[in-house]
*Asks:* 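Structure in structure tokens, see below.
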Amino acid sequence: MQSLIRAAILKIPRGKVSTYGAIARAAGNPRAARQVVRALRQSHGLPWHRVVAAGGRIALPGEFAFEQRLRLEAEGVKFAGKKVRMKEFEFVFAKAARRKKRPTKSLTKRSNPKKHANRKRRST
């Protein structure tokens, strides 16, 4: 999973940002935003400053937030107050080809109701 997350982060071009959740979706697991944080902490050489929280908010504490903002501004990213202007600077990942889901048999519904509707009931 971490290799997919790293690959998604490396796709973000200079001057663009993405969110933790968007990277998790691009990596194939939409509920893995915290794993994106873990991958950023454990991997060196990633453009960590291009990853922000939802809505463009910088979620890092103290001096790290200041450094992230400086790095983003150096790449040409603009801010509205404390948030990145996401409409202009958000990187949108290409949609991955989705696998077809197999039809599952439901235990509560019959697979072919017409087949069972014409069946005669036995009288006892």
*Asks:* Restricting to side chain to side chain contact (heavy atoms under 4.5 Å, CB included), what partner residues turn up for A53, sequence neighbours left out?
*Replies:* Y20, R57, A59

*Asks:* Do V52 and Q68 pass the side-chain contact (heavy atoms from CB on, under 4.5 Å) test, and can you show the C-alpha distance, the side-chain angles, and the key distance before you say yes or no?
*Replies:* CA-CA 9 Å; V52 294; Q68 184 176 17; 3.7 Å; yes

*Asks:* Could you pull out the closest heavy-atom pair between A32 and A24, with the gap in Å?
*Replies:* C-CB, 3.7 Å

*Asks:* What closest approach, in Å, do A74 and R14 show between heavy atoms, and which atom pair accounts for it?
*Replies:* O-NH2, 3.9 Å

*Asks:* Any side chain to side chain donor-acceptor pair (under 3.5 Å) involving residues 25-50? Give me the pairs, sequence neighbours left out, ordered by first then second residue.
*Replies:* Q2-Q42, R6-S43, H49-E75, R50-E75

*Asks:* Taking the side chain as C-beta and beyond, is there a heavy-atom pair between I12 and P47 under 4.5 Å?
*Replies:* no

*Asks:* Is there a path of hydrophobic side-chain contacts, each under 4.5 Å between heavy atoms of I, L, V, M, F, W or Y residues, that connects L60 with V36?
*Replies:* yes

*Asks:* Report the residues that fulfil ring-ring contact (aromatic ring centres under 6.0 Å, His included) with F93, sequence neighbours left out, ordered by chain and then residue number.
*Replies:* F91

*Asks:* So do F79 and R85 actually touch side chain to side chain, heavy atoms under 4.5 Å?
*Replies:* no

*Asks:* Are F64 and V37 connected, step by step, through hydrophobic side chains (Ile, Leu, Val, Met, Phe, Trp, Tyr) whose heavy atoms are closer than 4.5 Å?
*Replies:* yes

*Asks:* So if you build clusters from Ile, Leu, Val, Met, Phe, Trp, Tyr with side-chain heavy-atom gaps below 4.5 Å, do I23 and L4 land together?
*Replies:* no

*Asks:* Is there a continuous path of hydrophobic side-chain contacts, each under 4.5 Å between heavy atoms, that joins L70 to F89?
*Replies:* no

*Asks:* Within the structure provided, determine whether L72 and R69 are in side-chain contact (heavy-atom separation under 4.5 Å).
*Replies:* no

*Asks:* Would you say that S18 contacts V51 through its side chain, given a criterion of any heavy-atom pair below 4.5 Å between the two side chains?
*Replies:* no

*Asks:* Within the 4.5 Å heavy-atom criterion, are K83 and I58 side-chain neighbours or not?
*Replies:* no

*Asks:* Give the minimum heavy-atom separation between A39 and L46, together with the two atoms involved.
*Replies:* O-CD1, 4.2 Å

